[in-house]
2 protein chains.
Amino acid sequence: MPGPPKRADARRNYERILAAAEEEIARDGAVASLEEIARRAGVGSATLHRHFPSRRALLEAVFHDRVEVLCLQARDLAGAPDAGQALADWLRAVAVFGATTRGLASSMLPGVEAAADSDCGPMLMTAGDILLRRARTAGAARPGVTIADVLTIVNAISLATEQHPRAAEEAARLTTLALSGVVSA
Amino acid sequence: MPGPPKRADARRNYERILAAAEEEIARDGAVASLEEIARRAGVGSATLHRHFPSRRALLEAVFHDRVEVLCLQARDLAGAPDAGQALADWLRAVAVFGATTRGLASSMLPGVEAAADSDCGPMLMTAGDILLRRARTAGAARPGVTIADVLTIVNAISLATEQHPRAAEEAARLTTLALSGVVSA
DNA sequence: AACTAAAGCGGAGGGGCACCCCACTTGTCA
DNA sequence: TGACAAGTGGGGTGCCCCTCCGCTTTAGTT
């Protein structure tokens, strides 16, 4: 929410923290040590906490750009001939991305401190909603299902497959499964 | 794995810890403070760590009985007329249970320290497998789907809905969704 | 009942972490 | 260049997990 700060040194520290956080989170996931991040960034822990008031705020900042890429992919797919296929493809991409980007999935969970600074979630929602609507009018998506529902399931799958040896593969497979159904009863 | 210990005082402490853990985990989920549990149990922290070498071991012990109940439900449902419905019903029950029992779902996630003492997961697997096989021979379940797949998805849904105001409802709804599918593409 | 070896106990301590306070430095702009 | 706001980071607090090790309790033996 605060966005990059104004003073030159402050902005430099902000970027350093972001870079360090990226590395650490890639290694340890969402529970990476904030102190270690500050250490790697060469700043005091107070500086980190000033720029990012909560762990979640830091995670959101780290993942923001990559989530944006996913949203752009959604816009591209919005012109695809098969609306159902487009939706499914995009959701698989989301699942794979979440499963291979350590810490992302858990940061998407509606936690206690979600309210204000939430950003990535809504971004994906609006991007995916376009695909879902299109699929629905094409008769390819079950009516009554919201994009929130679908993304919750996909995110959950990311979370559950994050530690799998072949996380990407597994996430895609389970997503396909959940989208097409398991029982016919 | 160690099971209740032999000496009388040790067994008493074991039970006290279990009782205290139940309360604390109900309140704080899987991240409950082990020290607080020991404190509430009137026991030194070393005693807790001796009886339960890892957090996971404690969680498994706490949830073991309730998971057993679920497994018995599965055996009851194995005689139901509609095999697909029986499977779906049971999976919904698993999802609701996981979503409303704080900490359970995350303790089921295949973590780093999963291997040896894992217990609840396999229990549910074998119980559910019966229902799945029956559904499959009845043509109600998509072939190629394993019970591990389905339970992973259901557990993931529990995890994602754990914090929802109406967790049970939401877990059941999303499970139904995932089982019957979302897109027809 | 007394004894003893083993089993169990728990306080204290090491190491880590998140988060905050506040005296100090540094950038900015007139 | 000077003054002031903006920004900094070391150190402190409180909590946590986990282990070491000297002490207490139990269970079995005579």
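To find a chain, count down the sequence lines: A is the first, B the second, and so on, and within it residues start at 1.
Neither OP1 nor OP2 of D:dT19 sits under 4.0 Å from any side-chain N or O of B:Ser45. Distances shorter than 4.0 Å separate some side-chain N or O of B:His51 from OP1 or OP2 on C:dC9.
The neighbour count for A:Arg136 CZ, taken as heavy atoms of other residues, nucleotides or ligands under 6.0 Å away, is above 12. No more than 12 heavy-atom neighbours from other residues, nucleotides or ligands sit within 6.0 angstrom of CZ on B:Arg166.
Separating the CZ atom of A:Arg7 from the C1' atom of D:dA5 is a distance of 8 Å, rounded to the nearest angstrom. One can place CG of B:Asp9 at 8 Å from C1' of C:dA7, the figure rounded to the nearest angstrom. With rounding to whole Å, B:His49 atom NE2 is found 7 Å from D:dT19 atom P. With rounding to whole Å, B:Arg12 atom CZ is found 11 Å from D:dT25 atom P. Rounding to whole angstrom units, CG of residue A:Leu48 and P of C:dC17 are separated by 13 Å. To the nearest angstrom, C1' of D:dT25 lies 13 Å from CZ of B:Arg50. Rounded to whole Å, the distance from CD1 on A:Ile17 to C1' on C:dC19 is 14 Å. Distance, B:Glu35 CD to C:dC17 P: 16 Å, rounded to whole Å.
Projected onto DNA chain D by closest heavy-atom contact, B:Ala8 and A:Val43 fall at different nucleotides, the more 5' of which corresponds to A:Val43. Each of B:Arg39 and A:Asn13 has a nearest nucleotide on DNA chain D; the 5'-most of these lies closest to A:Asn13.
Without hydrogens or angle criteria, B:Arg134 side chain to B:Ala78 main chain gives a donor-acceptor distance under 3.5 Å. A donor-acceptor distance shorter than 3.5 angstrom exists from the side chain of A:Trp90 to the backbone of A:Leu70, with no hydrogens or angles considered.
A side-chain N or O of B:Asp149 and one of B:Thr146 form a donor-acceptor pair less than 3.5 Å apart.
Picking from C:dC20, C:dG8, D:dC18 the nucleotide with the shortest atom distance to the side chain of B:Ala10 gives C:dG8.
When heavy atoms are screened at a 4.0 angstrom cut-off, B:Thr47 is found touching base atoms of the nucleic acid.
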